[in-house]
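Numbered from 1 within each chain, the chains take letters A, B, ... in sequence-line order.
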Number of protein chains: 2
Amino acid sequence: MTNIHDIARLSGYSVSTVSRVINHQKYVADDKRAKVEKIMHDLDYVPNRVARDLSKGQTKTIGVVLPYANHPYFARVIDGIVMAAFEAGYKITLLPTNYDMTIERQYLDQLRSKAYDGLIFTSRSSQLETLERYRKYGQIVCCEDPGADRPLAAAYTDRLDSFVSALTWAKQHGYQKMGVVLSRNNVISASTRITRQAYEQVYGHLADRDLFTGAVKYEDGYRAGAYFAQLDPAEDAIFANGDDIAAGVQQYYTDHGLEPIPVIGQENLLSSRLLKFSTIDHHLEALGQAAFRLATGQSTTHKLIKSEFIKR
Amino acid sequence: MTNIHDIARLSGYSVSTVSRVINHQKYVADDKRAKVEKIMHDLDYVPNRVARDLSKGQTKTIGVVLPYANHPYFARVIDGIVMAAFEAGYKITLLPTNYDMTIERQYLDQLRSKAYDGLIFTSRSSQLETLERYRKYGQIVCCEDPGADRPLAAAYTDRLDSFVSALTWAKQHGYQKMGVVLSRNNVISASTRITRQAYEQVYGHLADRDLFTGAVKYEDGYRAGAYFAQLDPAEDAIFANGDDIAAGVQQYYTDHGLEPIPVIGQENLLSSRLLKFSTIDHHLEALGQAAFRLATGQSTTHKLIKSEFIKR
DNA sequence: GGTTGACCTGGGACCGGTTTCATAAATTAT
DNA sequence: ATAATTTATGAAACCGGTCCCAGGTCAACC
């Protein structure tokens with residue numbers, strides 16, 4: 001494998017000069033530049049990326065921490081990140097965690113080992129304090145509101161706003177008894193926290209009977225549907241943590257010859273369009289894009305993405 | 001930033017010894033090993049990943065070349081790749097091309113620059129010959145059948161088989177006039193080529209009027225529906241290159257008060273389950289997993305994934 | 001004519017690891 | 001008791017670049 005020293009030797013110039021040619025720097029005589037370029041071309045030479053990264057101390061790579069790759073929520077966020085990264089000449093590495101804190105820690109240590117310039121946490125299990133501790137090793141971006149006093153960069157959607165409008169709309173629509181489907185029922189999950197908060201504002205205390213947790217995909221929604229269908233008194237409508245999950249809920253009712261229950265989903269996926277139920281579009285591509293910008297920028301700022309309630 | 005030399009100096013031993021401790025090699029006295037480990041722990045030392053990669057000449061990273069990240073087909077393949085990579089301790093970098101050959105070439109050159117150990121082409125615009133030329137710089141895997149005489153590693157689904165069974169089933173079902181929706185109508189696209197081939201086997205020559213091209217997502221399918229709806233004589237059914245596209249076709253009919261046209265989709269996505277139409281499941285996670293194995297393995301083999309026709 | 005500053009070039013330290021090789025001590029085999 | 005291994009350790013080359021700095025040329029300006 002030919003390297004920069006070979007090019008230097010063959011051209012008769014120094015490694016420094018060849019490096020200048022490679023990087024299109026000035027202060028190289030035209031004839032020498034031409035000769036070096038010819039030799040590089042003849043030998044089909046490509047500079048070693050890893051050596052450059054080591055020398056420069058940066059990899060132009062951002063790691064994206066996410067529970068699982070195949071989920072429409074994260075797919076949309078990734079899409080935004082990847083597009084922004086492509087334009088900026090950065091590379092994106094996918095770091096699946098399955099919500100395992102130990103694995104998240106490994107990725108943080110990889111940040112310390114200079115494997116990435118920055119890390120985007122699209123979701124997390126670790127405490128925010130943990131992330132902050134690693135802040136000095138590279139830019140860290142989280143995709144939720146960490147609170148004003150936190151030094152973490154963050155890109156997030158105004159969930160509370162849109163949740164409240166959606167629930168308010170539902171209440172005005174005559175849905176008095178509202179069931180809720182969530183994924184992780186813990187305080188780490190911003191989505192869970194904010195859903196409960198919004199529910200409290202509009203409907204008051206969220207009773208256990210009105211809540212189904214552990215829902216991540218369609219099948220879970222279907223199970224949620226089975227749960228809600230047997231409740232007495234029945235729910236008037238269901239607010240779910242994703243369109244596919246909402247679709248599952250509704251599908252259970254239809255499959256079992258019941259009156260299809262009104263549902264409100266999230267993400268404005270195809271399922272909500274096909275089944276024509278209301279949803280909240282969080283503009284996740286914009287979220288991903290903003291997260292990437294924060295990951296490469298130096299500022300520790302917060303970026304709020306407006307979400308949109310789509311009535312159907 | 002503390003490095004291996006600092007650890008060596010502080011411990012009083014050589015860099016070699018420290019390196020041995022880091023890599024859990026034998027031939028280090030127990031007491032020295034303990035002392036070095038203590039110092040590393042006290043200083044919170046993490047070896048620099050890039051330096052190791054440079055020295056070892058490998059990055060434990062596989063690049064995944066794909067047209068766009070946010071597409072259910074590629075999302076499923078990526079999912080399989082990422083899971084397999086995670087288990088093997090590899091990292092996955094996403095390389096979007098938007099079907100631009102120039103960009104594909106850039107990724108191939110990044111392979112030459114040792115940025116990745118291997119490259120998986122989930123789809124491509126470049127010629128197979130081009131990929132083969134870069135074969136000597138790292139493992140290259142393509143996700144289609146490159147033909148027996150090709151030296152490329154490949155993981156692919158038996159499209160022809162499943163397409164023929166699906167079309168045969170449709171014909172026996174009484175659908176005499178069958179429309180087809182495709183994405184890229186060129187010879188590079190294996191999917192396009194094989195669809196035409198299967199159609200020819202079952203229905204004979206594929207007339208231009210029975211073909212709609214340029215479909216990638218739901219909206220395109222909707223447009224395809226608009227096209228087919230105005231045909232006279234009308235089509236009996238539509239074979240589409242994806243469930244979401246098939247859903248779009250059918251939705252156009254429903255939205256416009258027409259009798260919903262029977263469709264056959266691909267990928268067994270949620271849309272085909274909600275709208276209850278037949279589909280072909282290509283087992284894309286298995287495909288991605290196989291592709292990853294080939295990318296890290298040394299063998300230049302072909303791996304066939306069985307696909308499955310799901311009648312609904 | 002001397003100073004200034006832009007232009008050009010190469011030497012070599014540096015990024016932070018891995019690995020080969022030489023050397024020596026401690027075991028084991030003969 | 002000696003030869004043959006095995007174990008333990010460090011020096012230094014190597015991976016392949018970047019970049020600081022010193023030194024030299026040459027035209028412009030006062």
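- Applying the side chain to side chain donor-acceptor pair (under 3.5 Å) rule to pairs touching residues 1-11 of chain B yields Asp6(B)-Arg9(B), sequence neighbours excluded.
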Could you list the protein-to-nucleotides 8-18 of chain D atom pairs, N/O on both sides, closer than 3.5 Å?
residue: dT9(D); atom: OP1; partner: Lys32(B); partner atom: NZ; Å: 2.5
residue: dT9(D); atom: OP2; partner: Ala29(B); partner atom: N; Å: 2.5
residue: dG10(D); atom: OP2; partner: Ser14(B); partner atom: N; Å: 3.0
residue: dG10(D); atom: OP2; partner: Ser14(B); partner atom: OG; Å: 3.1
residue: dG10(D); atom: OP2; partner: Thr17(B); partner atom: OG1; Å: 2.5
residue: dG10(D); atom: O6; partner: Arg20(B); partner atom: NH2; Å: 2.9
residue: dA11(D); atom: N7; partner: Ser16(B); partner atom: OG; Å: 3.4
residue: dA11(D); atom: N6; partner: Ser16(B); partner atom: OG; Å: 2.8
residue: dG17(D); atom: OP1; partner: Tyr45(A); partner atom: OH; Å: 3.1
residue: dG17(D); atom: OP1; partner: Asn48(A); partner atom: N; Å: 2.9
residue: dG17(D); atom: OP2; partner: Ile4(A); partner atom: N; Å: 2.6
residue: dG17(D); atom: OP2; partner: Tyr45(A); partner atom: OH; Å: 3.3
residue: dG17(D); atom: O5'; partner: Tyr45(A); partner atom: OH; Å: 3.1
residue: dG17(D); atom: O5'; partner: Asn48(A); partner atom: N; Å: 3.3
residue: dG17(D); atom: N2; partner: Ser55(A); partner atom: OG; Å: 3.1
residue: dT18(D); atom: OP1; partner: Asn23(A); partner atom: OD1; Å: 3.3
residue: dT18(D); atom: OP1; partner: Asn23(A); partner atom: ND2; Å: 3.1
residue: dT18(D); atom: OP1; partner: Arg52(A); partner atom: NE; Å: 3.2
residue: dT18(D); atom: OP1; partner: Arg52(A); partner atom: NH2; Å: 3.4
residue: dT18(D); atom: OP2; partner: Ser19(A); partner atom: OG; Å: 2.6
residue: dT18(D); atom: OP2; partner: Asn23(A); partner atom: ND2; Å: 3.4
residue: dT18(D); atom: O4'; partner: Ser55(A); partner atom: OG; Å: 2.6

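- Residues Ile140(A) and Leu108(A) are in side-chain contact: their nearest non-hydrogen atoms beyond the backbone lie under 4.5 Å apart.
- The number of heavy atoms from other shown groups lying within 6.0 Å of CG (Asp42(B)) is above 12.
- One end of the helix from dG1(C)-dC30(D) to dT30(C)-dA1(D) points its axis 30° away from the other end's axis, with each axis taken from 5 pairs and the angle rounded to 10°.
- One atom, CZ of Arg9(B), and another, C1' of dG16(C), lie 14 Å apart when rounded to the nearest Å.
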Subject >> Annotated protein contacts, base or backbone, on nucleotides 24-29 of chain C with a non-hydrogen cut-off under 4.0 Å, one of B, S, - each >> reply: ------
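- A donor-acceptor pair shorter than 3.5 Å cannot be found between the side chains of Ser19(B) and Ser16(B).
- Taking CD of Gln139(A) as the start and CG of Leu111(A) as the end, the distance is 9.5 Å to the nearest 0.5 Å.
- The closest donor-acceptor contact from the side chain of Thr97(B) to the backbone of Ile103(B) lies at 3.5 Å or more, if one exists at all.
- At least one donor-acceptor pair under 3.5 Å links the side chain of Arg135(B) to the backbone N or O of Gly138(B).
- Using a distance-only test at 3.5 Å, with no hydrogens or angles considered, a donor-acceptor pair links the side chain of Arg124(B) to the main chain of Ser126(B).
- For the pair Arg33(A) CZ and dC8(C) P, the computed distance is 9 Å after rounding to whole Å.
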Can you tabulate the close N/O pairs, meaning under 3.5 Å, that link protein atoms to atoms of nucleotides 26-28 of chain D?
none

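- With hydrogens and angles disregarded, no donor-acceptor distance shorter than 3.5 Å links the side chain of Arg76(A) to the backbone of His282(A).
- Under a 4.0 Å N-O distance rule, the pair Lys60(B)/Asp117(B) does not qualify as a salt bridge.
- Asp79(A) contributes no side-chain N or O that, together with a main-chain N or O of Val82(A), makes up a donor-acceptor pair within less than 3.5 Å.
- Formation of a donor-acceptor pair under 3.5 Å by the Glu104(A) side chain with backbone atoms of Ser125(A) is found in this model.
- Under a 3.5 Å cut-off, the side chain of Tyr45(B) and the backbone N or O of Glu37(B) do not form any donor-acceptor pair.
- Less than 4.0 Å separates DNA chain C from no heavy atom of any residue of residues 105-117 of chain B.
- Within 6.0 Å of CG on Asp44(B) lie more than 12 heavy atoms contributed by other residues, nucleotides or ligands.
- Judged purely by atom type and a 3.5 angstrom limit, Asn186(A) uses its side chain to pair as donor or acceptor with the backbone of Ser189(A).
- Regarding Gln58(B), its CD atom lies at a distance of 14 Å from the C1' atom of dG17(C), rounded to whole Å.
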